[in-house]
Amino acid sequence: FKGNPAGVCLLERPAEARWMQAVARETNVSETAFLDPTDDGFNLRWFTPAVEVDLCGHATLASAHVLWETNTLGPDSTARFHTRSGVLSASRDGDIIEMDFPADPQQPVEPPVVLLESLGVVPVYVGLTGYNYLVEVGSESEVRDTKPDFAKLESLGLLGSIVTSRADSDKLDFVSRFFAPSAGINEDPVTGSAHCSLGPYWGAKLNKTELAARQVSSRGGDVRVRLAGDRVLIGGQAVTVMAIDLL
């Protein structure tokens, strides 16, 4: 009952986007993943209840977990996915599932006034990634206490906004929250794709290639990040809550 819930739909063949969007609205979790087999892996698409997205971490992790749990893939096999963000993979490392994702580096930017008004924070730094604003604030308490104006955030037009800081705990390197009202998700519980930016950002600041992170949403979740050139290896755990047959 922590982390980010995801739906996973195993298909025998590709489905129409309109049907997948309807299923995602019905499951009503932050993302639902749809997989159909190819010669060398699986096609993978992700839908929020409102839109299709280009990259999603937690629903990719859930997809790999389901493939192994249903014996669709052997226990030692690597899951290989063809997606809008290129070929992604996931493999087991003990009780951790590690995903190989493309880095999404950020560049410093002058923040729009509406961004800071929407978040109600005083930034230490603001960057812009390929998908999101990344806003560093001065403390973990500021991250936890952020109360966004979601209507204003949605007007920015990007997928989402990341708020982050150094962690208070010696066992963690950084914490974050992620807001994406334009995708129909006011706050995402744990966001693997955001760590494609957070990992390189904090790795450079802390001079580390391996980092421990926590997304401090109300559900919360821990994320392991390893940097490998232009790739980010993101590790987490998954558990099946329920399994149903769609009619």
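For the single chain, residues carry numbers from 1 onward in sequence order.
With hydrogens and angles ignored, the 3.5 Å screen pairs a side-chain donor or acceptor of Gln21 with a backbone N or O of Pro49. At least one donor-acceptor pair closer than 3.5 Å links the side chain of Ser182 to the backbone N or O of Leu159. The backbone N or O of Ala212 lies less than 3.5 Å from a partner atom in the side chain of Asp173, making a donor-acceptor pair. Side chain of Asp104 to backbone of Gly130: a donor-acceptor contact under 3.5 angstrom is found. Not a single donor-acceptor pair under 3.5 Å links the side chain of Arg226 to the backbone N or O of Glu210.
Of all heavy-atom pairs between Ile162 and Ser176, the closest is CG2-CB, 4.3 Å. Ala6 and His58 get closest at one heavy-atom pair: CB-CD2, 3.4 Å. The two atoms that bring Phe178 and Ala194 nearest to each other are CD1-CB, 4.1 Å, heavy atoms only. Scanning both residues, Arg177 and Thr146, for their nearest heavy atoms gives NH1-O, 2.9 Å. Across Trp46 and Leu55, no two heavy atoms sit closer than the pair CZ3-CA, 3.5 Å. Annotation for Ala24 and Thr32: closest pair CA-OG1, 3.9 Å, computed over non-hydrogen atoms.
Under the 4.5 Å side-chain heavy-atom criterion for ILVMFWY residues, no single connected hydrophobic cluster contains both Leu44 and Met20. One hydrophobic cluster, built from ILVMFWY side chains closer than 4.5 Å, cannot hold both Val29 and Ile185; they sit in different ones. Residue Leu153 is grouped with residue Val114 when hydrophobic side chains (ILVMFWY) are merged at heavy-atom distances under 4.5 angstrom, including chains of intermediate members. Taking hydrophobic clusters as Ile, Leu, Val, Met, Phe, Trp and Tyr residues chained together by side-chain heavy-atom distances below 4.5 Å, Leu233 does not share a cluster with Phe101. Residues Phe179 and Val190 do not share a hydrophobic cluster, defined by chaining ILVMFWY side chains whose heavy atoms lie under 4.5 Å apart.
Between the CG atom of Leu61 and the CD atom of Glu98 there is a distance of 10.5 Å, given to the nearest 0.5 Å. A distance of 5.5 Å separates OG1 in Thr70 from CG in Leu10, rounded to the nearest 0.5 Å. For the atom pair CD of Glu142 and OG1 of Thr164, the computed distance is 11.5 Å after rounding to the nearest 0.5 Å. Atoms OG and CG, on Ser161 and Leu115 in that order, are 5.0 Å from each other to the nearest 0.5 Å. Note that OG1 of Thr48 is 6.5 Å distant from CD of Glu31, once rounded to the nearest 0.5 Å. How far NE2 of His65 is from CG of Leu73: 13.0 Å, rounded to the nearest 0.5 Å.
Side-chain atoms of Arg166 and Trp202, non-hydrogen and from C-beta on, do get closer than 4.5 Å to each other. In this structure, Asn132 and Leu134 have side chains that are not in contact, with every pair of non-hydrogen atoms separated by 4.5 Å or more. Annotation: side chain of Leu88 is in contact with side chain of Pro102 (closest heavy-atom distance under 4.5 Å). In this structure, Leu116 and Pro123 have side chains that are in contact, with non-hydrogen atoms separated by less than 4.5 Å. Within the 4.5 Å cutoff, the side chain of Asn43 has heavy atoms near those of the His82 side chain. Side-chain contact between Asp95 and Gln237 is present, with heavy atoms from C-beta onward closer than 4.5 Å. Put simply, the side chain of Val223 does not reach to within 4.5 Å of the side chain of Thr191, judged on heavy atoms. Here the side chains of Leu198 and Val225 are not in contact, with every heavy-atom distance at 4.5 Å or above.
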Quick one, Phe81 with Ser63, criterion side chain to side chain contact (heavy atoms under 4.5 Å, CB included). Give me CA distance, side-chain angles, the key distance, then yes/no. CA-CA 10 Å; Phe81 303 111; Ser63 296; 4.1 Å; yes
Before giving the answer on side chain to side chain contact (heavy atoms under 4.5 Å, CB included), spell out for Leu128 and Leu158 the whole-Å C-alpha distance, their side-chain angles and the decisive distance to 0.1 Å. CA-CA 10 Å; Leu128 182 63; Leu158 285 182; 3.2 Å; yes
Given the rule in the side chain to side chain contact (heavy atoms under 4.5 Å, CB included) test, do Asp188 and Ser217 qualify, once you have shown the distances and angles that lead to the verdict? CA-CA 8 Å; Asp188 198 34; Ser217 64; over 6 Å; no
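Of the options Pro112, Ser118, Ser197, a side chain to side chain contact (heavy atoms under 4.5 Å, CB included) to Tyr133 is made by Pro112 and by none of the others. When each of Val135, Val121, Val163 is checked for a side chain to side chain contact (heavy atoms under 4.5 Å, CB included) with Val143, only Val163 meets the rule.
Side-chain contact annotation: Ser30 with Asn4, donor-acceptor N/O pair under 3.5 Å present. Between the side chains of Ser85 and Thr83, no donor-acceptor pair is found at a separation under 3.5 Å.
Among pairs with a residue in residues 78-92, those fulfilling salt bridge (charged side-chain N to carboxylate O under 4.0 Å, His left out) read Asp40-Arg80, Glu52-Arg84, Asp54-Arg84, at least two apart in sequence or across chains.
In this pair, Phe34 and Trp19 present their aromatic rings perpendicular. The plane angle is above 60°, beyond the 30 to 60° band.
Between Tyr201 and Tyr125, the ring center distance clears the sub-6.0 Å criterion.
At most 12 heavy atoms of other shown residues, nucleotides or ligands fall within 6.0 angstrom of atom CD in Glu26.
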